[in-house]
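Taking it in order: structure first as structure tokens, then the write-up.
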Amino acid sequence: QAGSAAGYGCGAQDISTRLSSLIYGGTSVFAVIAGASGQYFTGWLLEQNGRDFTPMFALVVAVELAGLVAWNRWWDSERVFE
């Protein structure tokens, strides 16, 4: 949570000072959808694998690494909007 608030929360302000609240709120919709559906998917995946957590941890590692690569590849703190 602290890393998200320090990085992503400030990122919306870097892109646009005037529209930062709209950018942050609009993109938070995707986080809410992922969080809500993630609980269902976790239960489903555990049921499919006999309650073995290994595939779940492997999936988490893959998603985190993909996010790290995407962030480092495309993030730019230059102002886009006024």
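- Here the CE-CZ distance, from Met56 to Phe41, works out to 6.0 Å after rounding to the nearest 0.5 Å.
- Counting heavy atoms of neighbouring residues, nucleotides and ligands inside a 6.0 Å radius, atom CD of Gln39 does not exceed 12 of them.
- Tracing side-chain contacts under 4.5 Å through hydrophobic residues (I, L, V, M, F, W, Y), one reaches Trp71 starting from Ile23; they form part of the same cluster.
- With a 4.5 Å cut-off on side-chain heavy atoms, Asn49 and Trp44 do not count as touching.
- A chain of hydrophobic side-chain contacts below 4.5 Å, direct or via other Ile, Leu, Val, Met, Phe, Trp or Tyr residues, connects Leu46 to Phe57.
- For the pair Asp52 (side chain) and Thr54 (backbone), a donor-acceptor distance under 3.5 Å is present.
- Here Thr42 contributes atom OG1 and Glu47 contributes atom CD; the two are 12.0 Å apart, rounded to the nearest 0.5 Å.
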